[in-house]
Amino acid sequence: MYVFRSLSLLFLTVAACTSPPQGGEDVRISVLDGFIREALFHGRAYDRLEELCTVAPHRLSASTDAAAAIEWARATMEKEGFENIRLEPCVIPRWVRGATEQLFVVEPKEHAGERLAILALGGSIATPPAGLEADVIQVQNFEELTRRAEEARGKLVLFNRPMDSRLVDPFQAYRGAVNQRAIGASKAAAVGAVGAICRSMTTRLDNVPHTGGMRYAKRVPRIPSAACSTEAAERIAGWIDAGKRVRLRMVLNCREEDPVGSFNVIGELTGWEKPEEIVVVGGHLDAWDVGQGAHDDGAGCVQSIEAVSLVMRLDQRPRRTLRCVLFMNEENGTGGARAYAAAHGAEHHVLAIESDRGGFTPRGFTSDARGEVFDILQSLVELQKRTGAEKLISGGGGVDISPLAASHVPLVGYLPDAQRYFDLHHSASDTLDEVNERELALGAAAIASLAWLVADLPETLPPNPPR
Ligand SMILES: [Zn+2]
């Protein structure tokens with residue numbers, strides 16, 4: 001251990017002497033190696049994550065924990081010595097989970113009184129105080145719901161299409177199922193249903209429900225909406241398949257209040273040559289109110305802070321400004337993302353990188369970059385592949401940076417190995433002990449590397465060409 005640390009110190013000294021870099025490939029690779037060593041030997045990301053999960057574990061937008069997370073972020077950026085630290089205002093919804101979330105079996109009679117695990121979906125209205133009791137109809141998709149519209153009237157609709165576990169990409173599986181959660185309630189209400197329950201968005205079979213955002217359509221009655229655990233969904237399906245009548249009673253006392261003011265937290269390392277040109281690295285500070293939001297998106301926040309900090313600790317101030325943006329309200333409204341785009345959309349953003357797919361082992365990056373811009377980014381990802389983030393594939397950058405696409409800013413999403421992400425996502429299982437310190441650190445080094453390479457290019461990365 002001592003030998004390695006000594007080598008690391010020697011290396012850091014060498015790396016520090018190279019600033020500002022001359023752009024040669026060897027020099028750049030040695031700087032990137034420095035990020036990796038510093039992240040692994042003296043990394044702060046995991047300790048920062050532990051702090052965040054301790055001071056603000058349930059940081060749903062507009063909650064007291066969200067306010068604590070904002071203060072933690074500001075204070076952490078100060079400790080790191082970031083420049084131009086500020087809180088920037090945004091307006092966000094305030095939805096409050098109730099103390100009561102229950103789903104009882106009424107029929108089949110032999111299971112009457114048993115409880116099934118649910119969580120209200122963010123944005124849902126409450127049930128009447130005594131609960132809402134109705135027969136259950138199970139559907140796999142909206143087409144089946146439309147076909148069976150008559151049957152669904154007056155019922156509780158169970159949307160029970162699983163995430164497709166045959167797909168290699170778990171995000172693809174998520175995207176293929178999540179419409180049931182996001183808009184299922186209004187689809188059900190449109191055919192006269194009285195409540196909606198969706199199977200949790202996970203491929204895992206367990207008794208842990210996963211919450212998430214939902215939104216009501218205009219001109220359709222609002223009905224209560226919850227997610228049940230995959231085990232609960234399987235039990236209900238089993239009764240229905242056996243020809244039994246299923247009748248349930250759901251009690252939710254969540255509520256939506258008036259929107260409130262909140263903040264994005266921003267800090268920078270100003271560029272030495274072209275400070276007005278900006279590379280954003282960011283994640284979202286809010287999280288669902290169950291678990292600790294350790295992967296979603298505490299990991300992205302501490303990686304974004306650590307990425308800028310690594311560049312500072314190695315004394316590698318780049319030509320352009322690195323801006324760490326911790327967005328508020330990604331989960332249920334994107335108020336922070338819209339406020340950032342409104343305030344800064346006209347600035348010269350060279351690139352925006354978002355980390356919001358968990359803090360797992362680095363695999364690469366996704367990007368909406370096209371043509372020459374994609375090729376340049378790919379050549380830079382090549383340089384830093386020792387972190388394991390070695391591929392650049394076409395895809396989105398992330399929810400919070402997505403409004404910048406309108407200004408032709410190339411967007412990049414950090415891509416870890418997310419095979420276990422949806423085991424935890426939006427559930428009580430998303431806790432610090434599910435995050436691996438080395439995986440988190442390597443991800444921070446990968447993000448630091450790509451951000452620094454782009455921020456220090458001799459020629460500015462061109463804007464993303466129109467589609
Ligand atoms: Zn997230």
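What you are looking at is a predicted structure, and each value in this text was computed from that prediction instead of being measured. We count ligands from 1, going down the list as the structure has it; atoms in each ligand are counted the same way.
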Exercise. Name all residues meeting the ring-ring contact (aromatic ring centres under 6.0 Å, His included) criterion together with Phe263; count only those two or more places apart in sequence or in a different chain, and write none if there are none.
Key: none
Practice problem: Please assess Arg363 against Glu390 for the test salt bridge (Lys or Arg N to Asp or Glu O under 4.0 Å), listing each intermediate value before the final yes or no. | Solution: CA-CA 6 Å; Arg363 287 284 185 256; Glu390 60 186 13; over 6 Å; no
Quiz item: Can a salt bridge be assigned to the pair Glu347 and Arg323 using a cut-off of 4.0 Å between side-chain N and carboxylate O?
Solution: yes
Practice problem: Take Leu158 and Ile137 through the side-chain contact (heavy atoms from CB on, under 4.5 Å) test and state the conclusion after the steps. | Solution: CA-CA 6 Å; Leu158 171 65; Ile137 175 175; over 6 Å; no
Quiz item: By residue and atom, what protein N/O/S atoms are less than 2.8 Å from the Zn ion (ligand 1)?
Solution: His284 NE2, Asp296 OD1, Asp356 OD1, Asp356 OD2
Quiz item: Would you call the rings of His295 and Phe360 parallel, tilted or perpendicular if under 30° counts as parallel and over 60° as perpendicular?
Solution: parallel
Exercise. May I ask you to check whether His349 and Tyr340 place their ring centers less than 6.0 Å from one another?
Key: yes
